[in-house]
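Counting starts at 1 for both ligands and their atoms, following the listed order. Just so you know, residue 1 is the first one in the sequence shown, and it goes up from there. Since the model is a prediction, treat every value here as computed from it, not as a measurement.
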Amino acid sequence: MNGFIGDGGANGFNEVGAVYADHCDSARGRLRHDLVERRLRTELPGRPVEILDVGCGNGEMTIRLAMAGHHVTAVDPSARMLSAVAERLAARSALADRVRLVEAGVESLPFDRERFDAVCCHGVLMYLDEPGAALACLAVLVAPGGLLSVLVKNRRSLGVREALGGDYVTARRLIEAEPRTGVHADSSAGRLGLMTRGDDPVVLDRLAADHGLVPLPWQGVRIFHDHLDDTWSPEPEVYAAVLELEWAASGRSPYRDVGRLVHTLARRPGRSRT
Ligand SMILES: C[S@@+](CC[C@H](N)C(=O)[O-])C[C@H]1O[C@@H](n2cnc3c(N)ncnc32)[C@H](O)[C@@H]1O
């Protein structure tokens, strides 16, 4: 199915795991996870449920969801990423029986009969050639009443980070690129040094609907603070104000359209499992 647009798929992540972990610890990284977790908490039931986290990386969202009481199956094709999750879990023994680790990619998920109350795939599709095949693999695993949560690079805001950073040539190329024209004319190297591509939330909503899910309102993520670097280190009260500002803007156009990332959600109709 999908080819990896970067250089080496999961192996690419085997090399950049430490850099990614540092990013997750930064205020910029935390902002993204705080916003996505907040939205998930508003959509998930108050009781513990079964969650699949595909492309779990170093397990930041897996751990947050397990800490909220959920049972999480964390999947990643990178053995190094999974061992980073295992290491983090070892320091949190209370979570051990709430998290299961599985080495696999989105294209080879080994869950024939299992269905999940939520299927998350955050920060993964941007590394794949196109979103359709992955969406199909994820959607089929959503139980009745369950949620599909997908976080991608926002196709609508390509070039904004580059323009604000003064890289005007790249910004213009990205802004002028038609989707899927040229050889990845709309792709650029992300901060991890891997090539990434963007998706339009309306296209993802349509794909989810094609698989019988009902799209929910999408949110822009990291609208005003994406162009900063990972050394940005606001005081706690400033961070709290930033979080509230970003949250307020995340669901409102035109602000949400220029978020670096976009969080789309869709629900499978039906009664959720008790
Ligand atoms: C940027 S990290 C995102 C990690 C985490 N989901 C988060 O939001 O912090 C991307 C992850 O996708 C994983 N990945 C790469 N190719 C994949 C594939 N085909 N299927 C599933 N995950 C993949 C990488 O190994 C890496 O851990």
Legend entry - Residues that Phe111 engages under ring-ring contact (aromatic ring centres under 6.0 Å, His included), provided they are two or more places apart: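 Applying ring-ring contact (aromatic ring centres under 6.0 Å, His included) to Phe111 gives Phe116.
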Legend entry - Which residues share a ring-ring contact (aromatic ring centres under 6.0 Å, His included) with Trp247, sequence neighbours left out: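 Residues passing ring-ring contact (aromatic ring centres under 6.0 Å, His included) with Trp247: none at all.
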Show the atoms of ligand 1 that are less than 4.0 angstrom away from any heavy atom in [X].
{"X": "Gly105", "result": "20 (N), 21 (C)"}
{"X": "Ser78", "result": "25 (O)"}
{"X": "Tyr127", "result": "1 (C)"}
{"X": "Gly57", "result": "4 (C), 27 (O)"}

Legend entry - Partner of Glu60 by side-chain hydrogen bond (donor to acceptor under 3.5 Å, both in side chains), out of Arg88, Arg30, Arg32: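 Exactly one option meets the side-chain hydrogen bond (donor to acceptor under 3.5 Å, both in side chains) with Glu60, and it is Arg88.
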Legend entry - Polar contact flag for Asp76 and ligand 1 (N/O pairs, less than 3.5 Å):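 N/O-N/O distance below 3.5 Å exists for this pair.
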Legend entry - His122 N/O to ligand 1 N/O under 3.5 Å: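 For ligand 1, there is an N or O atom that lies under 3.5 Å from one belonging to His122.
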Proximity flag [X] to ligand 1, non-hydrogen atoms under 4.0 Å:
{"X": "His33", "result": "yes"}
{"X": "Met81", "result": "yes"}
{"X": "Glu107", "result": "yes"}

Is it the side chain (CB and beyond), the backbone, both or neither of [X] that lies under 4.0 Å from ligand 1, heavy atoms counted?
{"X": "Val106", "value": "both"}
{"X": "Arg32", "value": "side chain"}
{"X": "Pro77", "value": "side chain"}

Inset, instruction - Run down the list Cys137, Gly123, Gly55 and name the one with the heavy atom closest to atom 6 (N) of ligand 1. - result: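 The option holding the nearest heavy atom is Gly55.
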Inset, instruction - Can you measure from CZ (Arg156) to CG (Asp199) and round to the nearest 0.5 angstrom? - result: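 Result: 11.5 Å between the selected atoms.
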Inset, instruction - Starting at NE2 of His263, measure out to OG of Ser149 and round the result to the nearest 0.5 Å. - result: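 His263 atom NE2 to Ser149 atom OG measures 3.0 Å (nearest 0.5 Å).
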Legend entry - Basic-acidic side-chain contact under 4.0 Å: Arg173, Asp167: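 A salt bridge is absent here (no side-chain N lies under 4.0 Å from a carboxylate O).
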Inset, instruction - Inspect the surroundings of CZ in Arg92 and state if more than 12 heavy atoms from other residues, nucleotides or ligands are less than 6.0 Å away. - result: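 Buried by this count: over 12 neighbours within 6.0 Å.
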Inset, instruction - State whether a side-chain donor-acceptor pair under 3.5 Å links Arg256 with Ser253. - result: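 Checked: Arg256/Ser253 side chains pair up, N/O donor to acceptor below 3.5 Å.
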Inset, instruction - Check whether any side-chain heavy atom of Leu216 sits under 4.5 Å from a side-chain heavy atom of Leu147, and report yes or no. - result: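 Yes, side chains in contact.
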